[in-house]
Every structure is written in structure tokens, then in C-alpha cells.
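Reviewing the structure listed below.
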Amino acid sequence: MKRKTRRLSIRVKLLLPVTLLVTALCVVLGISSYKRMEKSMVAMGVDQADIVSKIAAEELDGDVLKAMEPGCEDSEEYQRLRDALVKIQQSYNIKYLYTLHTDKQIVYYGIDTDQSEECAAFGDEFEVSYEELADCFAGEEYVQDYIDVTVDGHLISVYKPIYDSTGAVIAILGCDYDAYPVSERLSNSMTQIAVIAVVALLIGLIVIGIVIHAMMRGLKQVDQKMVELVNDEGDLTKKFEIKSGDEIEAIAENINALLAYIRKIMLVISDNSLKLDASSGSIVRKLSQAEISISDVSAF
């Protein structure tokens, strides 16, 4: 009679930890692949923003820019410098390109290439304080090494100092690289990595399931043979014919050896029983003869 297992079956004990291990492996590999891809793609965007801002800064005449004042938007010099920046902006993937000036108290816009109605006029206050950009106005470059998600989009910002003919910093060039395509590619890549990880997980589980099923089939064969042995009233002539080529086959062979040993013992017991029966019969006959002899003696 078969009995149900009261605890976790061997199948579950094997499948559960292996499933967790394969899942963890797929997650780790997926995250690792995404992080490497993200680092590489963001670095490419940062390099492009840095190169474009450097090109744009070299296009600007610091002496001309230094002489500009609020209300100069209609001047020939302003339009010439702005057209040069617009051309660079349109040639590369630049969201915003502008110059920033300061009186060491506030930061304000200079030339702005924004084509929308929100284009800043020369002298409009910039949203970042002077303290945050003081190093740039002192001659240090700033290159953002990550994608900043703002209301204006996915941006990588770079600030380059602009010098006049004397080598003094008279303004800084702001370059906001449009990193939305990079973010979109990263999002698509993350989806692809997730799909690949799920497919790999499913394939791994299927393969593991097949292996475990093969193992369980051998164990079930051994169990079925044991049930048949019990139901056939202990027929010791039966053999376990299992050809799995693994430990289960070895177990079956050992059980066959055990059955052969038990069968040998039973034969010895049976032979001894026959001899005992013969000896008992002989004793009974001799006792009967002795009883007859005693009766004859008593008659005389």
C-alpha cells in the first residue's frame, strides 16, 4: 500500500533550491549586463556633450561677447554668434546651448539658442546660483557624468569657460545634451535583458525539470517493484530491472543482491525444516515401536 509523503517530496526539495539559484543567477547577470551597458552608453553621451561644448566654446569670440549688454539681441554681433551656436546645436543632439554671465552676485543668460517662445533674453536671470557655478567662472570645466531627468527632458549638462583675448573668463558656455535617446535605448535594452533572463530561466527550469523527472522515474520504478514484491506475498524470485546508469540502478542491483541472499537463507531454512520433519518422523516411529515392545512385555 502506497503512503503519501507528509513532508516535502524529493522533487520539491531538488526543484525549489535549484529554481531559486537559477533565478538569482539570471537576476544578477541581467543587472550586471544592464549596469555595464548603462555605464558605456552614458559615457558615450557625456563624451559627445563634452566635445560639442568644446567646439561651441571655440566658435565664440570672447571679446565680442564681453562687450554685449542687455538689449543687444538685434545687433549683428549677437545674431552672428547665435547663428553659429544654432548651427552647432542642430548639427548635434543638443537640447539647449547658451552662454551665462555673472556680476558675481547673480548669474544671467547671454546668448540663448532656444527656438521656442521660452527663449531667454540677454540679462534674464539663470535658475542656478552663482555659488554653484563659481568654479566654472573661475576657469574650471564641469562635465556631468550622469543623465539628469528634469522637466526639460533627459539632459547631460556641460559648462565650459569662455575667455577673452587677455585670458580672462568673461562667461561660460552651457550645453545641455539631449540624452533621451540614450535613456530610451537603455529602457529597451532593459526590457530585452528582462525577456532574455525570463527565457533563460524557463529553459533552465525545463532542463532541470527533465533531469529531476528522470531521477524520480527511477525512484518510482524502485518503489513500484517494492509494492509488487509485497503484493505478491514476498515472491523472492522477482528482480528489479532498472537500467538508468546511475545510483538508482546501483540501488536496484543491491536490492536484487539482498533478495538473492534472503532467497538463499529461505532455501536453507526450508531444507533444514525438511530434515527436521524427517528426524521428527523417525523419532515418532521409534517411540511407537518402543510403546509396542513395552506392551508385549507387559502381556507376559
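Since we're looking at a predicted model, the values are computed, not measured. Computation of the quantities below employed the complete heavy-atom set of this structure, encompassing side-chain atoms and omitting hydrogens, waters and symmetry-equivalent molecules.
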Rounded to the nearest 0.5 Å, how far does CD1 of I106 lie from OG of S129? 11.5 Å
Among pairs that include at least one residue of residues 142-156, which meet side-chain hydrogen bond (donor to acceptor under 3.5 Å, both in side chains), considering only residues two or more places apart or in two chains? none
Considering residues at least two apart in sequence or located in another chain, which fulfil the side chain to side chain donor-acceptor pair (under 3.5 Å) criterion with S91? none
Taking side chain as C-beta onward, heavy atoms only, is V107 less than 4.5 Å from V128? no
Could you pull out the closest heavy-atom pair between D124 and A121, with the gap in Å? OD2-N, 2.8 Å
Hydrophobic side-chain clustering at under 4.5 Å (ILVMFWY, transitive links): who's grouped with I206? Put none if nobody. I210
Quiz: residues 156-165 side-chain donor-acceptor pairs under 3.5 angstrom, not counting sequence neighbours:
residue, atom, partner, partner atom, Å
S157, OG, D176, OD1, 2.8
K160, NZ, D50, OD1, 2.5
K160, NZ, E141, OE1, 2.7
K160, NZ, E141, OE2, 3.3
D164, OD1, T166, N, 3.0
D164, OD1, T166, OG1, 2.7
D164, OD1, G167, N, 3.1
D164, OD1, A168, N, 2.9
D164, OD2, K66, NZ, 3.4
D164, OD2, T166, OG1, 3.2
S165, OG, D63, OD1, 3.2
S165, OG, D63, OD2, 3.1

Can you tell me how far the CD1 atom of I170 sits from the CG atom of D61, to the nearest 0.5 Å? 9.0 Å
Residue set satisfying side chain to side chain donor-acceptor pair (under 3.5 Å) with Y109, at least two apart, ordered chain then number -> E127
Looking only at heavy atoms, what is the nearest atom pair of A57 and L173, with distance? N-CD2, 3.4 Å
Residue pairs passing the salt bridge (charged side-chain N to carboxylate O under 4.0 Å, His left out) test with at least one member in residues 99-113, sequence neighbours excluded, are none
Are I147 and Y180 joined in one hydrophobic group, where the rule is that I, L, V, M, F, W and Y side chains link up if heavy atoms are under 4.5 Å apart? no
So, using side chain to side chain donor-acceptor pair (under 3.5 Å) as the criterion, who are the partners of T102 when residues are at least two apart? none
T99: what forms a side chain to side chain donor-acceptor pair (under 3.5 Å) with it, not counting sequence neighbours? H101
Separation of I88 CD1 from S53 OG (nearest 0.5 Å): 10.0 Å
If a pair satisfies salt bridge (charged side-chain N to carboxylate O under 4.0 Å, His left out) and one of its residues is in residues 74-101, list it, with sequence neighbours excluded. none
Contact summary for Q48 and Y92, nearest pair of heavy atoms: NE2-CD2, 4.4 Å
Shortest non-hydrogen contact from L65 toward A171: CD2-CB, 4.0 Å
Tell me which donor-acceptor pairs under 3.5 Å the side chains of residues 25-42 have, and how far apart each pair is, sequence neighbours excluded?
residue, atom, partner, partner atom, Å
S32, OG, R36, NH1, 2.7
S33, OG, L29, O, 2.8

Taking atom CD of Q115 and atom OH of Y96, what is their separation to the nearest 0.5 Å? 11.5 Å
Please examine the side chains of C175 and I94, heavy atoms only from C-beta on, and report whether any two atoms are closer than 4.5 Å. yes
Does the T113 side chain pair with the main chain of L97, one donor and one acceptor, at a distance under 3.5 Å? yes
Which pairs with one or both residues in residues 45-73 pass ring-ring contact (aromatic ring centres under 6.0 Å, His included), sequence neighbours excluded? none
About how many Å separate CZ of F122 and OH of Y108, when rounded to the nearest 0.5 Å? 6.0 Å
Using residues 189-205 as the side-chain source, report each donor-acceptor pair under 3.5 Å to any protein atom, sequence neighbours left out, with the distance given to one decimal.
residue, atom, partner, partner atom, Å
S189, OG, R185, O, 2.7
T191, OG1, S187, O, 3.1

Is it true that a side-chain atom of E59 and a backbone atom of L81 form a donor plus acceptor pair closer than 3.5 Å? no
